[in-house]
Amino acid sequence: MDIRVGQGFDIHPFSEDDSRPLILAGVRIDGVPGLRGHSDADAVAHALTDALLGAADLGDIGTHFPDTDDRWKGADSMRLLAAAVQLVHDAGWDIANTDITVVLEAPKLAPHRIAMKASLEAVVGAPTSVKAKRGEGLGAIGRREGIACFAVCLLTRPQQLPEV
Ligand code: MG
């Protein structure tokens with residue numbers, strides 16, 4: 001069996017536009033500012049999309065969904081994640097699991113973790129862990145200027161024997 005690990009990272013600043021909702025892993029979190037970005041700025045979906053594409057050596061999110069392309073303006077990033085899952089499957093890979101760490105000072109993610117996990121698992125089709133970590137007051141994250149996310153995934157594929 002072939003196995004591949006992938007990692008992805010993303011970071012977005014909070015938006016000054018109060019009307020922008022905060023969307024993480026496709027889950028809307030009310031009562032806090034949204035993130036600035038060309039799409040819906042879902043840093044969790046973006047980091048996991050990059051992890052999956054990276055594991056399969058299929059480029060990155062910018063290759064497939066460039067932010068200069070108006071088709072992706074305000075896009076639902078869970079659709080981009082679903083498209084990446086399809087690309088990975090098309091290359092013969094199964095997704096074994098994914099693991100997410102969201103780094104943010106606020107809001108508290110604990111009340112949303114189960115919804116975020118379910119939302120990601122529905123698209124990825126594999127066990128997915130969602131964890132949150134505070135910035136402990138350090139740097140831009142600690143100053144509550146934005147939210148970062150780290151993602152890893154594992155892919156498996158039956159070993160492809162050389163043709164004889
Ligand atoms: Mg992003």
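Ligands are counted one by one from 1 in listed order, and the atoms in each one are counted from 1 as well. What's counted below: heavy atoms across the whole structure, side chains too, no hydrogens, waters or symmetry copies.
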* Per the side-chain contact (heavy atoms from CB on, under 4.5 Å) rule, which among Leu52, Asp76, Asp42 passes with Leu81? ->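 The residue from Leu52, Asp76, Asp42 that satisfies side-chain contact (heavy atoms from CB on, under 4.5 Å) with Leu81 turns out to be Leu52.
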* To do: Check the side chains of Asp17 and Ser15 for a donor-acceptor pair under 3.5 angstrom, ignoring hydrogens and angles.
  =>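 No, Asp17 and Ser15 have no side-chain donor paired with an acceptor closer than 3.5 Å.
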* **Check: Thr68/His38 side-chain N/O donor and acceptor closer than 3.5 Å** =>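 There is no such pair between these side chains.
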* Shortest non-hydrogen separation from Ala148 to Phe9 and the atoms involved ->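 Nearest heavy atoms, Ala148 then Phe9: CB-CE1, 3.9 Å.
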* To do: State, to 0.1 Å, how close Asp60 and Leu53 come at their nearest heavy-atom pair, and which atoms those are.
  =>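 That would be C-CD1, 3.5 Å.
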* To do: Provide the tally of protein N/O/S atoms nearer than 2.8 Å to the Mg ion (ligand 1).
  =>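 Atoms of protein N, O or S type lying less than 2.8 Å from the Mg ion (ligand 1) total 3.
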Can you give the donor-acceptor pairs under 3.5 Å from side chains of residues 90-105 to other protein atoms, not counting sequence neighbours?
from   : atom 1 : to     : atom 2 : distance (Å)
Asp90  : OD1    : Gln86  : NE2    : 2.8
Thr98  : OG1    : Thr128 : OG1    : 2.9
Asp99  : OD1    : Ser129 : OG     : 2.9
Asp99  : OD1    : Lys131 : NZ     : 2.7
Asp99  : OD2    : Lys131 : NZ     : 3.1
Thr101 : OG1    : Lys131 : NZ     : 3.1
Glu105 : OE1    : Gly135 : N      : 2.9
Glu105 : OE1    : Glu136 : N      : 3.4
Glu105 : OE2    : Arg134 : NH2    : 2.7
Glu105 : OE2    : Gly137 : N      : 3.3

